Each structure stands twice: as C-alpha cells, then as structure tokens.
Amino acid sequence: MNLNDLANLGQIIGAVAVVVSLIYVALQIRQNTNAVRSAAAQVVHEHFASWYQLLANDAELSQIAVNGLRDYFSLSETEKARFIATFMAFLSYSQNAFLKWREKMLEPPLWMGWELLIMNLVSSPGGKEFWKERGYLFGEEFRRHVEDDLMKRTPHPDAKPMGAFSIGRRAE
C-alpha cells in the first residue's frame, strides 16, 4: 500500500465519519424536537388545568362563569369584571395552544379537545357577546380561526358550556 492508497483510505474513513456524525445529529434533533413538543403540551395542559382549578376553588366565580356564558348582559358590573378576567385568561391560554398547534408543537388530537372546549364557550350566548366585546384583543390568526371556523360550527349535541346548559341540538 502506497501513500496515495493511504490518503484515499483516510478520505473514505473521514467521509464515513461525517455521515455517522450527521446521522447522530439528526437523531439528536429529532429527540430534542420530541422533548420540546412534550414540554409544549405539558404547558398547555397546565394552563388549562390551573384555569379549571381557579373555577373549582371559587363557587361564586363558577356561578358567575355559568351566568355569564348563559347571559353576559345579566351580570352586574363587578361580576362582569370577574367574568372578563376569567375568560380573558382562558382565551389567552387558548390562543397560546392554537399557536403551538399551528407551529406543529402540539399534536392534533390534543388540540382537538381544547378546540372543542373553546368552541363550546365562544358559541354560548354569553360567549358570543363576550367575544364581540373582547375578540379584537387577540391575534389576527386566532381571531379568524374563532370567528370563521369555531363560531360557525354546529356544536356537538351534548355540548354544555361548563356542564351547565345545553348549546347543542339533539336530534329528535
């Protein structure tokens, strides 16, 4: 074996090492992407869970939420302020989940459950009125999704915002 043959062998070994390194990097990127997706899903679920916990721990706020979703204009000034704060938090979490889903950081089956919940709340009589007053505060893409898609869908026959009253249409 001469010096030229050794140089060629060195180039082949170097090329194989580069290919192996690229495969390793690709696997690491994939693993990192999965970890980021998992973390994004966890954050989304934690936000919604904390929102539900807020309502579960405060019977008065829960009643305000139900009353507001049923009839937004029936709320007193103080109740309306609490309702707005509560649902602005919910819709902020919803917008965050929507953006994560659009960025493919949230798996479609996870998003679908939250999307149906959003639809139930914004499709309720009070939710529609709330959105008319406050929808402008959200990003254009999320607003379009809510207004041009979610609010135009027919709710599931079992749809009940906060489990309190039906907005779905049951087949007779």
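Only heavy atoms go into these numbers, but all of them, side chains included; no hydrogens, no water, no symmetry mates. None of the values given here were measured: they were computed from a predicted structure.
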Under a 3.5 Å distance rule, please check whether [X] uses its side chain to pair with a backbone N or O of [Y] as donor and acceptor.
{"X": "S62", "Y": "L55", "result": "yes"}
{"X": "S123", "Y": "N120", "result": "no"}
{"X": "S94", "Y": "I118", "result": "no"}

> Which residues satisfy the ring pair (Phe, Tyr, Trp, His ring centres under 6.0 Å) test with F138, sequence neighbours excluded?
Replying inline: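 F138 satisfies ring pair (Phe, Tyr, Trp, His ring centres under 6.0 Å) with W131, F142 only.
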> Looking at residues at least two apart in the chain, or sitting in another chain, which of them share a ring pair (Phe, Tyr, Trp, His ring centres under 6.0 Å) with H45?
Replying inline: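 By the ring pair (Phe, Tyr, Trp, His ring centres under 6.0 Å) rule, H45 matches W114.
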> Which class fits the ring pair H145 and W101: parallel under 30°, tilted 30 to 60°, perpendicular over 60°?
Replying inline: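 The arrangement is tilted - the two ring planes meet at 30° to 60°.
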> In terms of the angle between their ring planes, are F90 and W51 parallel, tilted or perpendicular, with boundaries placed at 30° and 60°?
Replying inline: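 The rings of F90 and W51 sit tilted, inter-plane angle from 30° to 60°.
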Identify the two heavy atoms, one from [X] and one from [Y], that lie closest to each other, and give their separation to 0.1 Å.
{"X": "E79", "Y": "I64", "result": "O-CG2, 3.5 Å"}
{"X": "I167", "Y": "P125", "result": "CG2-CD, 4.3 Å"}
{"X": "L69", "Y": "F87", "result": "CD1-CZ, 3.9 Å"}
{"X": "S166", "Y": "P157", "result": "OG-O, 4.2 Å"}
{"X": "P155", "Y": "A159", "result": "CB-CB, 3.9 Å"}

Does a salt bridge link [X] with [Y], judged by any charged N lying under 4.0 Å from a carboxylate O?
{"X": "D58", "Y": "R82", "answer": "yes"}
{"X": "E133", "Y": "K80", "answer": "yes"}
{"X": "E103", "Y": "K100", "answer": "no"}

>> Which Ile, Leu, Val, Met, Phe, Trp or Tyr residues join L9 in one cluster when any pair of side-chain heavy atoms under 4.5 Å counts as a link?
In response: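 Its cluster mates, by chain and number, are I13.
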> Are V43 and M105 close enough, and set up right, to give a side chain to side chain contact (heavy atoms under 4.5 Å, CB included), and what steps lead you there?
Replying inline: CA-CA 11 Å; V43 166; M105 299 307 293; over 6 Å; no
